[in-house]
Each structure stands twice: as structure tokens, then as C-alpha cells.
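The block underneath contains the structure these notes are about, expressed in C-alpha cells.
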Amino acid sequence: MDISHINLIETNIKNLWKVADLYRTEVNSKTPYSILDFFPHPSGIGLHVGHTVGYIATDIFARFKRANGYNVLYAMGFDSFGLPAEQFAIQTNQHPEITTHNNINNMLSQLECLSLSHDPSRSFSTTDTDYYKWTQWIFLKIYNSYFNNLTGKAEPIENLYSKLKSKKYTIEDGLLIELENNYSEEEINQLVNSMRLAYLNDVEVNWCPMLGTVLANEEIKNGKSERGNHPVEKRKMKQWMMGITAYADRLYNQLDTLDWPTNIVSMQKNWIGKSEGALITFHSKTGKQYKIFTTKPETLFGVTFIAVANQEDQVEKQIDEVIHPITKETIPVWTANYVIGDYGTGTLMAVPAHDQRDFEFAKQHNINFKPVVRPNYAWLVENALESMPQSQLLNHWKTDPTKFKSAYEGTGPLITPQQFEIFEDISVKNQKKQVRNFIEQKKIGKYVTQHKLRDWLFSRQRYWGEPFPIVFDKAGNAYPIDENQLPVELPQQYDFKPELNQQSPRPPLEKASNWKTVQGIILDNGSVKILNQNEINTYPTNMVQTFTRELNTMPNWAGSCWYYLRYMDPKNDSTFVSKEKLEYWAKDKIGTIDLYVGGAEHAVLHLLYARFWHMVLFDLGYLINPEPFTKLLNPGMMTADAYMDERGVYVDVEDVVVKNQTAIQISTGKPLTIEPGKMGKRYKNGIDPKDMCAKYGVDVFRMHVMYISPVTQSSTWNANIKGMQRFYNSIHQKLQDCIDIEYSKTDDTSQLHKTILSVTEEIVNFRFNTAIAALIKLNNSVEKFSMNDCVIILQLLYPFAPHLAEHLYQQIRSKMNNLPQLIEHLQWPTYDPKLIVETKIKLPVNIDGKIRDVLEIDINTTDDEIKILILQNTKIQKYLQQSYSLQIIRKDKPIIANVTTT
RNA sequence: GCCGUUGUAGCUCAGGGGUAGAGCGCUCCCUUGGUAAGGGCGAGGUCAAGAGUUCAAAUCUCUUCAAUGGCACCA
């Protein structure tokens, strides 16, 4: 088949769909289903074929779902704010607005060629003012709420204010408790501000001089910036924070309600880092307090030193002494390098007998040991350093644990339970409960759930991001901007570059001198209304104040935290998404989106942030589902061969020809070494899907990409697309002939119906490679199809090769009456169970472990009849010279005949 | 160190208690008026290794090995 012919067919079909406005989605009476790809950054270099795996997969699923009678929400917009877009603008020395615009257009044309069935009327970019207006609006909602730990939900901040005013509640360690307070008005205001879910705080931040901005913990990998791999320094700065830690428990526990890949769930759980234990305070003689967190409070009487994180030097030394809260013994305090300042309280109670790191530290610094838990004998035997009689093992352990290889970190009965006032024999599980009672009754400490998760740093010293809807008065107090004045638009500014390598960050917006200061009045609800020149004169001068805008911008995660909601209601200018639309698309579901497809690299960033925003908006009553995404799938990463010349420089794939597994550089004729690498700019091995479509056709390309491997598995780009081309040509030709000749009967209806069954099942389970394999198999085994059956095959083919399917369908439609206008309007075919039932089966005859022949028999043949058939079989007779036993194995039907000679 | 995933033909992957499969690549043949192409025949495997369960194991169970992803002085 001539490629120009195929291109023509595909162009015509695209036009046909465009005219019919096939992809437009409206609320209707069908069952809704929403499919979403991860939000793409419109990068400067555009998409390569690796990116298309997920997109083609969701398109196949969307077409399949629609053909099954669902109303499918499937759209794509662009995450166009943020570092990637801005870095590209800096590198190419153009304004980000221009580069963003160009990049989006470039990407749209790449996506266009793939014929993804996105509803174009639902597309938007995060940089659109009528989009980021709502990003700012959501920020204000978060700013104006707090997390009520008593109800476990976010509430409007006014509720907290009135609670504190009522004097019935106190705030302790950021938690609300029912206890009378005597706060002053000023204290209340301060506490209320500190409890906001978006709050300003002086925090140690990750300052990246080379990027000229601070970064979130999640954006740091191995001490370097994830983007660009630049060094990162700690610095104290006043920054906006998001109180995500308040949601740690819900973020953790609700993971189990989601249909997500286990590795993503475990990554999020790791990141949130839930651990349960006790907070215990040790007092020093000088009155200083050491708050420690322990997951093993039952070892309280085994503490022989307190270890604090080593802040300044790396020298481990004793610095203080504390009193044990029960025994009143004196315990030394040491600085230890193994203690992490950021984790827990940065201080721990060291129990050398029962913690390996404490064990080693104590040995090194000659600190004593106090075993309190009894190990089992197997452990004692295995870990004893010197040989000792078995009866003496436990005594040795009790007196000198250094005679053993390591600390005993397991559980077990306490050696001296009386210390916890336990006097009867109880199980280890009950022992834990008693220890808890003891610690709580004696008020030594309290039981808490601790999380590794930190609050989310939300400020960036960048130009290309959403401005905060916040201003400051002369005293530095923050005020939200009046909701009705949103959006706060970015100033048109051509000096947008951050100042790199500065000692401290200076946000680029500081240079927007006309923008950064405003006149305004404080409204009754506490927000600021900004006034233009004419308005100022209508207010008394003592009401009008000068404010400075917040000069930092939001991180690019902000826009991607809620975009999935906007697809449901993209043009609404009275709310970010209406309840009616939510009720239609997501009623009674766990997640608002049914299926979410995207790479594992966002496991702890976007997927955690988006869940957090969702939960806040859910608590405040704006959303109807407890989670954003019900089912998540990660397409595998695609690698491709990269080519390196003798100097070790990567050569562009365009300049390479591969023959017999040797690579030659076309321009120089020199041999190249081949090695695989992640597809992309770095290895110069990115392949533009547009080129592939032009060269082989969209349908062939789509099927080829899907056939390489299961969607969720990493794969290597296979440049040899010929196999799929052959299949395409072959089935195209075959069906074309069938349509031209108009056969009345199909060769093998059973095979066709088996294919319906298997293609359907494979698509449902997201195994598109095997779905295509089933179609290839059908094509290899059946020659003639009736017109009706041609339609069925085209329907099966449609999700994968939509143009070819539609093209041939239109020919059939012109010959047959009563067919709907487009192939998608047909209901997905069902198989006839009667036609896939086997009547004949193959029965292997196994003689002493070797298959000697295979009989083809009717499925209902009895054992006796089979035995006669075997005895009559000349091929088998020669093996039956000696005596033998014969057995027919059945499972619903005869499976195998086993012959054992003796 | 902890948690997860994967080992099947040279490559990419199906299958999965009952004859070992597909596409590419490779051999050979046919087409020479679609030719930097098309079609056909064929060769290729101890299903990572070992043990167990079973009449029967690539498939189930356990152990080991190897790849790979994530987390990690987490108290």
C-alpha cells in the first residue's frame, strides 16, 4: 500500500470526523466515564514517541468506552507555567509568554497527527488568565481555612476565630483542644494566622542559587535539584507554606481505597512516613527539656543516653545530663552523627541493647547497656559471640549484651515488667497496652502518630508562575485580595530573568515597579480591595492604605493540582467547577476521575499535592468525591538505542543507518557504538511521532507503539515498523477484497467470535499488545469475511487503527442500508458463546512421559471409546508391545491419555 | 538494609498445570513493470538455577541467582 494513499485516506477521515464534530462531549443521559492523561508541559523540544505511549493508550480506551455506550470525558490542556517553560525561555532568550505559546502550538500539531479523540472545546492552559483566576481563588480558600483536628476536616477560618473567642478552646502544638483559654485579641489573631492551611513562615528552605529559586523537599534528589542537578543550600527565609501535614493520616489511609499501582502506593506511604509511638520529655538538671519520639516506649527503662542531632561539627561528645522520669537516674546527653535533625524531634532516647545504631554508638563511646526485652533462644544462639552453655545464654544477655553480635530489635516479653507496674503474666500485645497506660497515667509522655511528611513549601522566586492574591501593609501583615478582583495578573515585564548566584533570592517581580505597590482599603471581611486612581478619591484618605504585593509566585504544581476538575466545566466564569457538572460526571465515585494515566515520576509530587488540594476543597464542600483519581496506571518508560562516535559524543539518530546490528554515521561513514538510553534530548535519540506518522501512517504508528510491549511496562523503541506495516496492508487488502466482492459467508465464524472475546478482554485489562496480536492471528487464519462480519472486524480494529476502520466502514455503509453515519455510533460487538465452544479437541497420548501422537476426537468421547481409538492407532501400537497401564485424565473434558509401560 | 517488579527464541513480548507461541531479525527461494520494496519456505528454546507438590510443572510453593524501580542512619 502506497504511503501517499494511506496519508490521503487518513486526512480524509480526519476531515470527516472534524465535520461531524465527533469528539465534542456534552452532558447527556449516557453513563459517564472520565479518562485523563497527566498534564503535559509544553516543552521546547516537543514530544517524542515515548510520550505517545500513554496518549495512544488512553485514546484507544476512550474510543472503546464510547463504542460501549459511555459518555467519555477525554480532553487535554497544558501545564504551561513553571520552571521548565521558564528555563526554556531563558535559554532561548525570549519571553516565556512567547515560548509558551509556540510550544503549545507545536505540541498541538504533534497531538493532532495522532488523532487523539480529545474534546478540543475543553482545552486550556494554566497560563490563561481565566484559568489561573481560579487557581488563585482556590489558594484563597485554602488560606481562609484551617484543619480542625477534632473533626478531622478543613473548616473556614472564621470557625476557628469564633471558637477561640468563645474561650472554650486552646491551641497546643498546633492542635485544637477543648480547654478554657485566656488569650488576648492579639494572641487570637496570631494563633488564627498560624493555623491557616496556607501560611507564612520563617523556614529553612532549599535555596538553589543556579536556578535562583527555592525548591520543595520533593524537588530535591540526592541533595541536588531534580531539575538541572544543581547544588542546593539550606537558608532561612519567610515563605508561603501549605499545611499538607495536617492531612498526613488521610493521605496515608485513603491510599488503600484507590486502585493504584502498588509501587506508587508504597512510594507515597514511604514519603508520608507514618509511625506511631510516644513523645516523652526528659528534663535536664539545668531545666532544659529534651523532647524525644520513640516507637518502642516499652524500652523506656533501657535508656542509657539521649542522642541529639549534631548541628555544628561532626564531633560526637557529651553535652548535658538529664534525669530519667521514673528511675530518677542521671543519663548523659550526646551529640550523635546518626541522628537526623529533621526527623521527629531531632532527639532520641538511645537504648543500646535494642537498637543497632545505639548499640554501635554505645560500644564506641563506652556507654553502658541495659537489656529490658527478652530475645528468643534462637536469636541468642545465633548471635552469641563466644560459645556459652545454653542455660547461661539469657544470663549473659542480661549482664553484658556486648557478648552478642548485635542489638536485639525484635519484640518479646519484658525482663522486668514490674517497672511498668505489670505484676501478672500477660501477652506481648497486652504488655504494649499496659506500657501505654503507664506512660499516659504517669504523664511522662503522650502517644502520637508522627509523619515524615513536611509542610509543602509553596513560594518560588520566579516570574513565570501564578501571582499570589496577597498584599502586605506597611507593618508586614498579610491580607488576601478581594475575591471579586481576581485574577491578579502577571505584569507585562520583559526583564523576567531571576538573578542567579545571588546570596539571597530576589524575586523578578521586585523589578515590576508599577505593579508591586498598590492603594487599597481593608474590607469588613478582612480582605483588601485594590483601588484605581479614580476610586481612591471616593474613599476617605484615612481608609486608603499603601500595600505591597507578594512578589513570589506559586510553583508549577499549583495549576496541575486541580486541572482535572476544570475539564468538566472549562468555560464556567462563576465557579471553578459547578456542582451540577460534578454530579453528572463523578457521582458516587471514590475519585472524581475514573482513569488517570501517567508516568511514575510524579508519585510523590503532583499526585500527593493534588490529593491534598482535593481533600481541602472536598472538606469545604466544593467537591463530591473524597479523592481525585480512582484508578491510576503508569505507562512504562521508553528507551531507545543511542549512538556514540569514537569521541564519545552522541550522534543524532537521523544521521545513523543500522545494518546487521552495526551502526554507521551517514555523514561520515564511520562506525558508531550502540547503547540504550532513555529517549530524549540528552542521548539525541528522540523520535518525532509526526515523522513516523508521515512515513508510515498514523494507524500503523499507533499499532506499532502499542504492540512493542504492554502499556505499563518499560520498553525499548523498536525502529523496525515493518511487521505492523505488513499486518496493516494485509488486513486492509483482505477487507477491501471482501467488501468489493461482497462475500455472503465467513470462513471461520468461531475464530471471529473468539477474537471478539479476546480483543474485548484485552482492552478492558489495558493489554493492547495482545489485543493487536489477536487481530493479527485472526488475519493469519481466516481468508473470507461476510459483509456483516467485516463490520465487526472494523469495530475491533477501530480503537487501534481508527482511520482504516472508518475508511472501510464508509464503503460498507454505501453498500448496506441502515448503518449509522460513523463507525463509533455502532454498539461494540458481542460474541456468540455457542460459536466459541469447542466440539473437537486434541488429545495428546503420553507414553512414558513422551507425547507420541495427538488424536483429534469429539469432546463427548467416552474413556472406553478413547481407549479403543488408541489401541487402533498404528503410530502408538509399536509402543504397546509390553504390558502397560492406560489412564485418561479429565477435567471437564478429556485432557491427556497417559500410558505407562511396565 | 527494607519494600516492589521482572527473568520464555538473537531482539521485543504473548501464554501459563496437559504438543512451546507471535512480530522483528536470520537462512534459503520467488518476484524484477510498486524494487532503498513485496511475497513464500525454513532454522532457532533444559521457559534463569535448584528443591517440593502432582499421573503431569515453563506454569503452583519454597530457596537461590541475576536484572530493575522506589525508600533508607526514620528513632
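Given the structure is predicted, the values throughout are model-derived calculations rather than measurements. Keep in mind that the numbers below use all heavy atoms, side chains included, and drop hydrogens, waters and symmetry copies. Per chain, numbering begins at 1; letters A, B, ... match sequence-line order.
For the pair A:Arg357 and A:Pro710, both in contact range of RNA chain B, the more 5′-proximal nearest nucleotide belongs to A:Pro710. The residue among A:Phe293 and A:Thr770 whose nearest nucleotide of RNA chain B lies closer to the 5′ end is A:Thr770.
A:Asp256 has a carboxylate O that lies under 4.0 Å from a charged side-chain N of A:Lys269, or vice versa, which qualifies the two as a salt bridge.
Comparing B:U63 with B:A75, their C1' atoms sit 33 Å apart, to the nearest whole Å. Rounded to whole Å, the separation between the C1' atoms of B:U8 and B:A22 comes to 13 Å. The P atoms of B:C11 and B:C26 are separated by 15 Å, rounded to the nearest whole Å. One C1' atom belongs to B:A14, the other to B:G21, and the distance between them is 7 Å to the nearest Å. If you take atom P in B:A51 and the same atom in B:G38, they sit 48 Å apart, rounded to whole Å. Comparing the C1' positions of B:G45 and B:G40 gives an interatomic distance of 24 Å, to the nearest angstrom. Taking the P atoms as reference points, B:U32 lies 44 Å from B:U19, given to the whole Å. To the nearest whole angstrom, the two P atoms, one in B:C55 and one in B:U46, are 28 Å apart.
Per the geometry, NZ belonging to A:Lys695 stands 14 Å off P belonging to B:A36, to the nearest Å. If you take CD1 of A:Ile721 and P of B:U12, they are 18 Å apart, rounded to a whole angstrom. Atom CZ in A:Arg454 sits roughly 10 Å away from atom C1' in B:C74 (whole-Å rounding). Here B:G21 presents its P atom at 17 Å from CD1 of A:Ile776, a figure rounded to the nearest Å. Here B:C74 presents its P atom at 16 Å from CE of A:Met349, a figure rounded to the nearest Å. For the pair A:Gln725 CD and B:G34 C1', the interatomic distance rounds to 13 Å; values are reported in whole Å. Counting to the nearest Å, the C1' atom of B:G70 and the CG atom of A:Leu607 are 14 Å from each other. Between the C1' atom of B:A75 and the CG atom of A:Leu279 lies a distance of 12 Å, rounded to the nearest Å.
Within the 4.0 Å cut-off from OP1 or OP2 of B:G23, not a single side-chain nitrogen or oxygen of A:Lys777 is found. Here A:Lys452 reaches the OP1 or OP2 of B:A72: one of its side-chain N or O atoms lies under 4.0 Å away. Dashed line: the shortest gap from a side-chain N or O of A:Arg726 to OP1 or OP2 of B:A37 is not under 4.0 Å.
Across every strand in view, B:A66 sits in a pair with B:U6 that passes the Watson-Crick or G-U test at under 3.5 angstrom. In this structure, B:A36 makes no Watson-Crick or G-U wobble pair, since no nucleotide meets both defining distances under 3.5 angstrom. Base pairing of B:G1: its partner is B:C71, meeting the Watson-Crick or G-U wobble criterion (both donor-acceptor distances under 3.5 Å). Pairing partner, B:G25: none, since no Watson-Crick or wobble contact has both distances short of 3.5 Å. Using the Watson-Crick or G-U wobble rule with both distances under 3.5 Å, B:G45 pairs with nothing in any strand shown. As the counterpart of B:C55, B:G18 is assigned, both hydrogen-bonding distances of the Watson-Crick or G-U wobble pattern falling under 3.5 Å.
Note on A:Pro261: nothing from the nucleic acid sits closer than 4.0 angstrom, heavy atoms only. Residue A:Ile708 is in sugar-phosphate contact alone, with no base atom involved, counting any heavy-atom pair closer than 4.0 Å across all strands shown. If you check every strand for non-hydrogen atoms under 4.0 Å, A:Val351 touches nothing. Counting non-hydrogen atoms under 4.0 angstrom, A:Lys722 reaches the backbone sugars and phosphates but no base. If you check every strand for non-hydrogen atoms under 4.0 Å, A:Asn769 touches sugar and phosphate atoms only.
Comparing B:A75, B:G70, B:G23 against the side chain of A:Met267 picks out B:G70 as the nearest. Ranking B:G23, B:C74, B:A14 by closeness to the A:Tyr707 side chain, first place goes to B:G23. You'll find that the side chain of A:Asn270 is closest to B:C71, out of B:A75, B:C13, B:C71. Listed nucleotides B:C3, B:C74, B:C13 differ in distance to A:Ile340; the shortest reach to its side chain belongs to B:C74. Checked against B:G4, B:A14, B:G23, the side chain of A:Asn263 finds its nearest nucleotide in B:G4.
Ring centroids of A:His602 and A:Phe38 are separated by less than 6.0 Å, placing the two rings close together. Centroid-to-centroid, the aromatic rings of A:Phe727 and A:Tyr707 stay 6.0 Å apart or farther.
A donor-acceptor pair is defined here as one N or O able to donate and one able to accept, closer than 3.5 Å; no such pair exists between the side chain of A:Arg611 and the backbone of A:Phe629. In terms of modelled atom types and a separation under 3.5 Å, the side chain of A:His365 and the main chain of A:Ile367 share no donor-acceptor contact.
Glycosidic conformation of B:G50 is anti; the angle lies outside 90° of 0. Base orientation of B:G70: anti, since the glycosidic angle falls outside 90° of 0.
Side chains of A:Phe359 and A:Phe369 form a contact here, defined as non-hydrogen atoms less than 4.5 Å apart.
Distance check: A:Gln450 CD to A:Glu276 CD gives 11.0 Å after rounding to the nearest 0.5 Å. Distance check: A:Phe800 CZ to A:Asp699 CG gives 12.0 Å after rounding to the nearest 0.5 Å.
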